[in-house]
Number of protein chains: 2
Amino acid sequence: MTGASFWSQFELRQLRCFVAAAEELHFGRAAARMNMTQPPLSRQIQLLEHVLGVKLLDRTSRAVKLTPAGRVFLLEARRILRLTESAALATRRIASGEAGTITLGFTAASGYSFLPRLLLQRASHAPNIDVALKEMVSSEQVESLLTGRIDVGLLRPPITRGEFTTIKVASERLVAALPFGDARLGQASLRLKDFDHQPLIMYAPEGARYFHDMLTALFEAEGITPVTIQSLSQIHSMLALVRAGIGAALVPEAAQSLHFDDVHFRAVETDPPQPVELFAAWRTDNDNPALAGFLDLLRQDESDAVAALD
Amino acid sequence: MTGASFWSQFELRQLRCFVAAAEELHFGRAAARMNMTQPPLSRQIQLLEHVLGVKLLDRTSRAVKLTPAGRVFLLEARRILRLTESAALATRRIASGEAGTITLGFTAASGYSFLPRLLLQRASHAPNIDVALKEMVSSEQVESLLTGRIDVGLLRPPITRGEFTTIKVASERLVAALPFGDARLGQASLRLKDFDHQPLIMYAPEGARYFHDMLTALFEAEGITPVTIQSLSQIHSMLALVRAGIGAALVPEAAQSLHFDDVHFRAVETDPPQPVELFAAWRTDNDNPALAGFLDLLRQDESDAVAALD
DNA sequence: ATCTAGCCATCCAAAACGCGCATTGGTCCA
DNA sequence: TGGACCAATGCGCGTTTTGGATGGCTAGAT
């Protein structure tokens, strides 16, 4: 027995035949509309009625009428058919990348300035692409990219995996966060040597490797030795310590959007002038169709970032 | 060419195969669940993908995964399949008479008392049967029953058509509607001879044939001749004239629920004591499955009506 | 590196299905 | 009573689908 002799479920073809017959109230015309002849259409409707166990059409040789059950089923059938079409349409839109969902990982720091700008662009340029946000540090993002938990990550270098494609989407200056009363607040702009032998709240090498390595390199290049009071991973926490007067901190300028009472910011001259870089990374073999459209947004930022360097 | 070489619409079988495969993420197990072997299941899903023009499942030889489009389509497919089952269920319920709609014609007079009682019964005994109400005079109801515009009519005799089944559902006394100041208000109960040579607002033979003929017969039997001031069809309008002091009217007791200022009612003794009869009628060949359940309600009223006669 | 197990796609013959044609049976109208 | 009309049915045929066998591919074990 391959197919059961009575099949307990109907098919869409039967629904289409029924709707045509119910609307035309004439098997011949309905068959014409279905691009077939009358006998098979009759059979399809008989089959449907048999499956349902319900007579849907009252047919005398002179007239075809809907039974009460048929009237109800006609509405249901139309709804089902409408749903099938919209389902196909929606799926094709997803597949074509016109719509869809991108899961985006981002670091806390990128959330202060770059991410809001990006989401604003998305709203105007790709309104049908939803973005699901997950905050995580860079190393977690790399892991999540590999397992597919996120489609794209906004993270800090280094990103060495070969299966990733990366672009730089933003470069930022460093700014100094200084507590109320700090003598250096008198200057409009600081230099790295202003931090020589001064208390500094530093980045933890484990949790914030990028910032840690970058600052270490900058200081080393100029032969400067700040006094590390405390190492932290989160910029938010560092500013809290600055506010407590424990010392200064060097943070990306976007962190200025975090307003802490009694914490003031001053520009810092570095070489290069915008040492804080943010990258976007995604698996080259990611098959999310919405990715292409989303990457277009990022590439605009990429050129902006390059232009800002000029 | 019978079927077009590419068919632009999918079938439910394909949806069921896809849902099974998407849930099992394993073609072999999915095929077992569908009671078939793996190759045809693969073909059905390929067909579906080809029709949609979208890859739904990412299948390596080691694992099967949903594509983003497939994830969306899985939700849609489940919804469609759920809808097909509920559609079948609903239709079967209609056909079995458990649920449905009865279109009911009723005369204005029956709406004063009998109809509200009937609808109350329906609410408690057949809550799934909807009743659509259409007020019309008896002759219109006969016409509408024939054309199928209503399933059941609540109307007055005579109903002579052979294709109808009728039952008596209510019998009522006549009451006199008297204007303020009418001398007969002094009596608790009136007799027909109290209307001899008195001004009476009468029923029009065209619009209210039943009441007209009934009253004419009652008066004739006792040799009484009231003075017909005006003939009307609607009880509502007659009471308005009574209120104006133009004369008295004889109306079914249910009309007392129409409260007019300065219109007072008194019982009237007649032979038989309940001369106003209300019948339900329906086409014997009516195929509305909900009819049986609805008629059960009416038959309760029928026995009540008979009991009231004892 | 080779082997093995697991899994999906493809190939093929047979069965099943749906189609169209011709015809029947029934109703309405002239 | 004959003709027109309409849906149901019988039947042969082409297409589709099915299940078994096979092939290609990958991951993990030896």
Q) Between D:dT16 atom C1' and A:Arg13 atom CZ, what is the distance in whole Å? A) 11 Å
Q. Do A:Glu49 and A:Arg43 sit within salt-bridge range, that is, some charged N less than 4.0 Å from a carboxylate O?
A. no
Q.
Looking at B:Arg149, I want to see if its CZ is surrounded by more than 12 non-hydrogen atoms of other residues, nucleotides or ligands under 6.0 Å.
A. no
Q | Euclidean distance, atom CD of residue B:Gln14 to atom P of D:dT17 [Å, nearest integer] | A | 8 Å
(Q) Taking A:Lys168 first and then A:Glu277, would you say they form a salt bridge - that is, a charged N and a carboxylate O separated by under 4.0 Å? (A) yes
Q | Atom-to-atom span, NZ of B:Lys55 to P of C:dC8 - whole angstrom | A | 14 Å
Q: Would you mind reading off the distance between A:Glu11 atom CD and C:dC17 atom P, rounded to a whole angstrom?
A: 12 Å
Taking N or O atoms only and anything under 3.5 Å, show me the protein contacts with nucleotides 5-9 of chain D, one pair per line.
{"residue": "D:dC5", "atom": "O2", "partner": "A:Arg62", "partner atom": "NH1", "Å": "3.3"}
{"residue": "D:dC6", "atom": "OP1", "partner": "A:His26", "partner atom": "NE2", "Å": "3.3"}
{"residue": "D:dC6", "atom": "O5'", "partner": "A:His26", "partner atom": "NE2", "Å": "3.4"}
{"residue": "D:dC6", "atom": "O4'", "partner": "A:Ser61", "partner atom": "O", "Å": "3.2"}
{"residue": "D:dA7", "atom": "OP1", "partner": "A:Phe27", "partner atom": "N", "Å": "3.0"}
{"residue": "D:dA7", "atom": "OP2", "partner": "A:Phe27", "partner atom": "N", "Å": "3.4"}
{"residue": "D:dA7", "atom": "OP2", "partner": "A:Gly28", "partner atom": "N", "Å": "3.4"}
{"residue": "D:dA8", "atom": "OP1", "partner": "A:Arg59", "partner atom": "NE", "Å": "2.3"}
{"residue": "D:dA8", "atom": "OP1", "partner": "A:Arg59", "partner atom": "NH2", "Å": "3.2"}
{"residue": "D:dA8", "atom": "OP2", "partner": "A:Ser42", "partner atom": "OG", "Å": "2.6"}
{"residue": "D:dA8", "atom": "N7", "partner": "A:Gln38", "partner atom": "NE2", "Å": "2.9"}
{"residue": "D:dA8", "atom": "N6", "partner": "A:Gln38", "partner atom": "OE1", "Å": "3.3"}
{"residue": "D:dT9", "atom": "OP2", "partner": "A:Gln46", "partner atom": "NE2", "Å": "3.1"}

Q: Could you state the atom-to-atom distance from CG of A:Leu47 to P of C:dC17 in whole Å?
A: 10 Å
**Q.** B:Glu23 bridged to B:Arg78 by N-O distance under 4.0 Å
**A.** yes
Q) Short question: side chain of A:Ser144, backbone of A:Glu140 - any donor-acceptor pair under 3.5 Å? A) yes
Q | Spacing of A:Ile45 atom CD1 relative to C:dG18 atom P, expressed in whole Å | A | 14 Å
**Q.** Distance, rounded to the nearest Å, where A:Asn35 contributes CG and C:dG20 contributes C1'
**A.** 14 Å
(Q) Please report the distance, rounded to the nearest Å, between NZ in B:Lys65 and C1' in C:dC8. (A) 16 Å
Q) Which residue pairs pass the side-chain hydrogen bond (donor to acceptor under 3.5 Å, both in side chains) test when at least one of the two sits in residues 67-76 of chain A, sequence neighbours left out? A) none
